[in-house]
Amino acid sequence: MAISVAARLAARRALEPLPLLEGDQDDGTLNKTLLGYVWRRPGKGWLLLVGLGLTGTALLTVAVVITVAKGIGMWGNNIPVAWAFGIINFVWWIGIGHAGTLISAILLLFQQKWRTSINRFAEAMTLFAVLQAALFPVLHTGRPWFAIYWLFPYPSTNRIWPQFKSPLMWDVFAVSTYFITSLLFWYLGLIPDLAALRDSSSKRWMRRVYGIMSFGWRGSARHWHHYKIAYLLLAGLATPLVLSVHTIVSYDFAVSIVPGWHETIFPPYFVAGAVFSGFAMVMTLMVPARRFLRLKHVVTPRHLEAMCKIMLTTSLIVGYGYLMEHFISWYSGNAADFYQYANRRGILHGPFKSAAQDPYIPIFWLMVFCNVVVPSIFWTKWGRTNVYVMWFASILINVGMWCERFVIVVISLHRDYLPSSWTIYKPTWVDLSLLFGTICFFSTLFLLFLKFLPAVAVQEVKELRHELDTEHERHELPEFSQEAIHPMELEVGEEDEQEEKLR
Amino acid sequence: MKRLVLAEFASPEPMVEAARKLRESGRQGLDAYSPYPVHGIDEALKLPRSKVPLMALVAGLTGAAGGYVLQWWTNAVDYLINVANRPAHAWPTNIPVTFESGVLLCALSLFFGTLFYFFRLPRPYHPVFESEEFRSASLDKFWVSAELKEGEDGQDLVRTLRDLGARRVTQVAEET
Amino acid sequence: MPSLKLPIVQAHGDERAQWRSLEERRRGIAAEGEFPPGAAEVGTTSRREFVQLLGATVAFAGTAGCFKIPGEQILPYTRQPEEIVPGRPLHYATSMTLGGRATGLLVTAHEGRPTKVEGNPEHPSSLGATGLFEQASILQLYDPNRAAVLQQNGRPRSWREFLAVQHDRALALRRKDGGAGLRFLLEPGTSPLVADLRARIRTLFPNARFRSYSAVSNDGVARGAQLAFGTVLDTQFDLSKARVIACLEADPLHPWPGSIPAMRAWADKREPGPEMNRLYAVECALSVTGMNSDHRLRIRPSQLAPIALALAAKVGSGQGLLAPLTPVAAKVRLDEKQQRFVDVLAADLRAAGRAGVVIAGPRTSPLVQALAHAINTALASEAARHRKSALHDPDDGAAGLRELATEIRSGTVDTLVVTAVNPVHTAPYDLNLATAFDAVPNSIYRGLYEDETSKRCAWFVPATHPLEEWGDARAHDGTVTFVQPLLQPLLNGITEAQILSAFLGEGDKSPYAMLREYWRSARNDADAAWEKWISDGFIAGTATAPESPQVRMEAVAAAALAARFEVPAGALELNVVPDYRLYDGRFANDVWLQETPDPVTKLTWGNAALMSPATARQLGVDTRDVIDIGLHGPPVHAPVLVIPGHADGAVTVSLGYGRGGAEQNAGGIGFDVAPLRRVDAPWGGSGLTVTKLGRRQPLAITQEHWSMEARDPALDMDLHDFEGRGRERIEDARAPVATMHTPWDYSKVQYKWGMAIDLSRCTGCSACMVACQSENNIPVVGKGNVEKSREMHWLRLDRYFSGSEDDPRAIAQPMLCVHCETAPCEYVCPVNATVHSDEGLNEMVYNRCIGTRYCSNNCPYKVRRFNYFNYTYDVTDLEKLRMNPDVTVRSRGVMEKCTYCVQRIERARIDSRVQERPIAEKEVQTACQQACPSRAIVFGNLHDKQHEVTKKHADERHYYVLNDLGTRPRTAYLARVRNPNPKLT
Amino acid sequence: MSALFKPWTNTAFRLVLFGLALLFAGGLIAGPMIYVRSPLYTQQQDPIDQPVQFDHRHHVGDEGIDCRYCHASVEKSNFAGIPSTAVCLNCHSQIWNKSPKLAPVRESFFSDRPIVWNKVNKLPHFVYFNHSIHVKQGVGCVTCHGRIDQMAQVEKWAPLTMGWCLDCHRNPERYLRPREEVTSMTFTPGGEKEQLALGERLKEEYRVATRQSCTTCHR
């Protein structure tokens, strides 16, 4: 029997990917929409948010000063829980900082076209996240004024060197390398757009500023010639780097002998968790940003959906990690290990009654809920296309990933080998303001970035549009360019609501 | 003092075409400018293969080697200490730092090398900037520049460019 | 520049003479020969010391980096005392008296500054060991809160003014009525010198009265002896003669004054085998002795007498001396469990015969005491030794106070001299002593601190610390012991003898002169032997001869018959005990003791109402709930602490807290139990009322978790088990663990340091903790930080319970850095701050540490401590004198941990190499080892095959904690083996 | 309307970048490292005033008094010892007993108040140095304190950094001398080679076992 045209169209519609760019764009419109807002006067909402951000940053400063002036005693840390918020926040931020490089590097290598509209954005987020993370390793030491330079191998008058068997030394190299590389990668991509800003600005002094920032870039073919390769190589470099960084962070735990830390599964599961939280953070920031910067035509539902899929995948990996830890702890028959995980889950504690009374059990289950249950909503097309859903989900995932680090760091330590030293950890106000403060500092930097730099890699989008033109991709599915607008119309309500939130 | 003729094109293809024609006509000191890398311009201008990968490779290997030697020398040679009964020179523990230092040096070379050596930047002033219209080169238009020889007035060059489809042709001179 | 006068420098007049004589007679390890002069720096502060403290107070202490070393000065002597070599410590013999019993000490001094207390190996009540109190006394010496000013109603007065005033007044009293208005309330004492002074005062003032009082009285002993023997005798127990030991509310395994020999003797017979002794404990609150007992019966206090009676009857079983008790015992009703316990114990005692002994606690009722005496006599026990008590006054607890109070109220007392420690605070509330003291026109109080009592007295005289005074006393066995000062009174202290002499009109006579004169008159060999006595610290062979008195059986039986045992059913009982750390509160300002966890409850900085889990459930309270407890008097607020093994239906509280004196550290810590005590029932009673206040209060407990959770760090097994399955457990716990790394070769080095800790010997008394704190300048972190579990003790005592919550099996385990050969802490340190020495020590280099705390995370034993704050920034100049100059004072933000007392190793190493000889076996002792009363800790060179530590490392009981982690510790533990009675298991 | 920047800005821009790079490398890395090695930081050759103008040139050089006469505990203790006032007066009660230079000494002796000297060789509080063992093993005074006999006013001669200590602890043979020559200011075995030969011999003879374990000096 014959299949109706409508049905065939519907079927194709379901299979065809959503468009990467919406509306009929050319370089001119792209310049207007992607660079234009830099010249617009800052809105009230923006000012308000920056204000809040700065207040939080002030709080952060206070917390840091107090910590350095009085000592780590201002935190809740104790023996055996000698690491707590400091390290949790460090790992959390570093993890978040993984999405940027991943998107821009790995997706570039895989030639995923959809990366172009979000990579700049994600890279900036990476930088600012790593900046937060970088605060903690030094701050959490007892004597930061020494840590700041004793951790580097320089010839000192006492002839003593750092100890390279320590994962902390690996951390020092990994984090600093990661930060520097991401910064350079980001800036290299930014240069042509800075030139574009220089040339599109009306004020001469502004043109001067951007002129200097762009090092006098003039888009010469001889430059593009090297530029393409250099950019590609940096991407190729950043890919193993991004994997190495969280692997090394996971060594901080995996290399130790603490039950709950000494896990061979850590490196992959940490990297997956990092990507997971990173994408969640990109999502959290992107959903409102694309609305207020009017970027919907370049950051389309297709991008959002792709991110949802990645989050779903990584959440599955993470979930598998959780499962394995608990399984192995039982399978290995190691009492300390078994107790460790029984004490986390609070159920199936075998002979250890006391394991069921741990005050931290809810945090473990919150983690499971946020990182395993919540993301499974992305199995549905609805979940992947409804911005409300993905936005709230992404926020919950950020919470969940923080909990994961709490579970690993604090819960493992407070129930280690000798029960005689077991104790409970309670954070102090300094701990909390450090967490809150870094979040504010992060958002402040991000808002400034959104205001003064192009949030989308303009030159790459132009290039993409050009490619699409030449490939006549758009001509293949004229009717879908209409259909594809659909999900955006659904959002109208949400936009107003979000605008409300900011006013 | 250096003099240039600048020609603006609306889209990449005619620019590439014009560039090729000029080169084939044996003109020296050619260059093209575009907001994003344009396909085909490289061979149009017959640009030699880029040395960037070589530089990156050398830098990366140097970094890695340096990183490894540093660890080995400091912990196993210069001040050998019994740390937890582990071998003083334990190569597996040296892998992370070796890798990271390799990446670091490679990245630094890629950024600063290309910027300062291959691009000869920073260069806030360049003759092309003498023309206000040239601003479009980083936004949405595509330019070709050709250097004028001593005493050449360049009228014919202007004409050829117009014939090649340039929407706008100007002549700039390097300020001294 | 902080600078304190060095006594030697400012010495003058006959004081100088004393110092000379004393120094010539110093005993000790200082190198022999003629000493040319050297120098000491900045007053008593030695160079090392001074720079350290400077470092500690300067911000960024311990910088090797950015800051220049600040300027320093050196103050050499003007005339150098011969024997002082700057930088070399000297050791003086002296002693410390508690409850009238002197413990011989050897005190280390750097440039005239006492820094460490050790036991005097030759002294009978020390045997080289010390308890918590002796160890902590050094801190008290330098306590900035100590009183320094002699005052009359708050106005400063000079000693000579005091003498003048009192002399005139005394004369008046004497003329009036032979001093009928003169009363003395002294600390229980055994000093021959004081005895002589008292006698002379009596001759001058025939109607004056002397009494002595101490809150921790042994009144039971005196009354019991009176009942049993018809005369007051003091009983000691030589446990080396005992195979079966029954403790009735007795606690001989904690270093109370005079009980160190008992601990040693008991421990010596804990080697598994036929000769192994067996310990039964019958008690209310779980005590140190109870934790170490092979069998323990928990009872309410009121049940002790019936059980003792039943036991006596059972041991006698109708024949011999104890026969008269059989009919009396018929009225005793015991539950089935108690009955069984008593039967088995009685049988065991009878079987043991002369090797059996029953020890009744010093505060048990006279009847229990008498019954114990009766049993011991019936068994012809060789362990019980009766001697004439050396105390000046009968130890009758608060009875003397009551008489005094009535006398005062009747207005007969004009002058009251108080040298007893703080009676106003410790006296039972029904005496209302405070108001009584107010009524005395001329009251004089001599004390270390301006405390509750000084507020109530017209005159206050600052007391000398034992390390500041000349004097004498008697050891637990009567041996004459000398007290020799290590420095002149830092704070113008006055000795008890000086106060008494004031009433003899002898004017300002130096304590040394008094002592010298007395002994010259007392013994004709004094001049010849004096130097030896002082340098030995005691007169050998002056122990009181034991007596073998007859038990007046009929009196005992009559008392037993008269005794009423039944207690209203369900009535809650109170049990008051002296505190394991503060004694009666006299050490309340000693932060070392405040922060030392209670050996049983692990509670620091305060006391609590201890009760069993069952009782807590019944009262609907839990640990940290605040309750009101009252016993026929005003209630007191007390936090609950649920402790397994406590008797049901009873609550235990300890003395010494809730202080309101001028002592900053003691103020507001814990609650005062005086309102719960009455003169006729000072140690509790039944009818305790408890009301829950619905409030909670933080408790600074250092160990919250009781169970070992299947990790078995402390192996604890019964004898039969040890011969069977237990042995496998031990062998598993020492089996070599496979490793990828070729073990480091230590065979080349001369010394391979190691330690062995015998859990069978360790009673958990915690003396080692204080010794370690004193030796290694370990800071005190305070209540708040202990609540956050940031205590700094390098050596802690873990206490685990196993078995049932009601009748648990308890074990204490000293836990300190075990110096793993493959130390997990080392490979995670990014800056090489903790590494291995060529001799296998796990070194901690403070000045390299940046405080990542990674090492602590990776230490499976959790023995590493972190300076979360700068704990030494507010140390006063006075306290700085206490610091051990051989150990760095750690700055904020660095890790620290047990170093095996490496400073002692290095000192010995350098000495031995300068003298071109190897280090001798006993030359290096760790502080904990030296202090341990039961010799549970041994340290030494594992290369030395003859060394005790090497033997212990080969012992069949030795194992390594968490062996399966493959850390290869240098500290071996010896499994605890108990010797339960098969009939009871 | 001319270009945004003038040609000279190219050069200027590059110079600025170069300057910044230099500032970072020099100011943050090289600078401090040079500083801590310089006498400015190590306090070598810092003049240190003393309450009494004691001239070692005269006492050691001219009179040839042995170091140990005043620094008496050097062979027994970690601390070499500063002479007590009485020691000064052993001689100066006879000679120069009227000299105004020695007024503070006499004042100290009769008032029984110590003379306050200023320390020259200071070590951080976490470093434990012991004179007796070094003297015993044949390390000369001059090796660490320099030619005291040529110093009018004693000054810190060696940097006393850990690296400096390690130099000797790693190869003592370069510095050892016979025990009887320890206090000699002028002893020399000859050249480099002789010193090594002598050092090796003495190392055997004195059983010198220098240690590099941390707790040797840090406790």
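Throughout, protein chains are lettered first and strands after them, A, B, ... in sequence-line order, and every chain is numbered starting at 1.
Residues of residues 904-912 of chain C having a heavy atom under 4.5 Å from any heavy atom of chain D, listed by number: Glu906(C), Arg909(C), Ile910(C).
The pair Asp167(D)-Arg170(D) fails the salt-bridge criterion, with no side-chain N (NZ, NE, NH1 or NH2) lying under 4.0 Å from an Asp/Glu carboxylate O. Salt bridge Arg113(D)/Glu107(D): present, at least one basic N to carboxylate O contact under 4.0 Å. Between Glu75(D) and Arg68(D) a salt bridge is recorded (basic side-chain N to carboxylate O distance below 4.0 Å). A salt bridge does not link Lys116(C) to Glu775(C): none of the charged nitrogens lies less than 4.0 Å from a carboxylate oxygen.
Taking Thr216(D) as the reference, Arg211(D) meet the side-chain hydrogen bond (donor to acceptor under 3.5 Å, both in side chains) condition, with sequence neighbours excluded.
Residues His134(D) and Phe129(D) place their aromatic rings such that the two centres sit under 6.0 Å apart. Between Phe126(D) and Tyr846(C), the ring centre distance reaches or exceeds 6.0 Å. Between Tyr900(C) and His819(C), the ring center distance clears the sub-6.0 Å criterion.
Per-residue heavy-atom pair counts under 4.5 Å with chain C were compared for Val105(D), Val74(D), Val120(D), Val116(D), and the maximum is reached by Val116(D). In terms of heavy-atom pairs under 4.5 angstrom with chain D, the leader among Leu841(C), Asn832(C), Val914(C), Thr899(C) is Val914(C). When each of Arg848(C), Glu839(C), Glu916(C), Arg913(C) is checked for heavy-atom pairs under 4.5 Å with chain D, Arg913(C) comes out on top. Among Thr161(D), Ile48(D), Asn130(D), Thr215(D), the residue with the largest count of heavy-atom pairs under 4.5 Å with chain C is Thr215(D).
In this structure, the portion of Val845(C) lying under 4.5 Å from any heavy atom of chain D is its side chain and not its backbone. In this structure, chain D has no heavy atom under 4.5 Å from any part of Gln750(C). Both the backbone and the side chain of Ser837(C) have a heavy atom closer than 4.5 Å to some heavy atom of chain D.
Side-chain atoms of Ser73(D) do not come within 3.5 Å of backbone N or O of Ser77(D) as any donor-acceptor pair.
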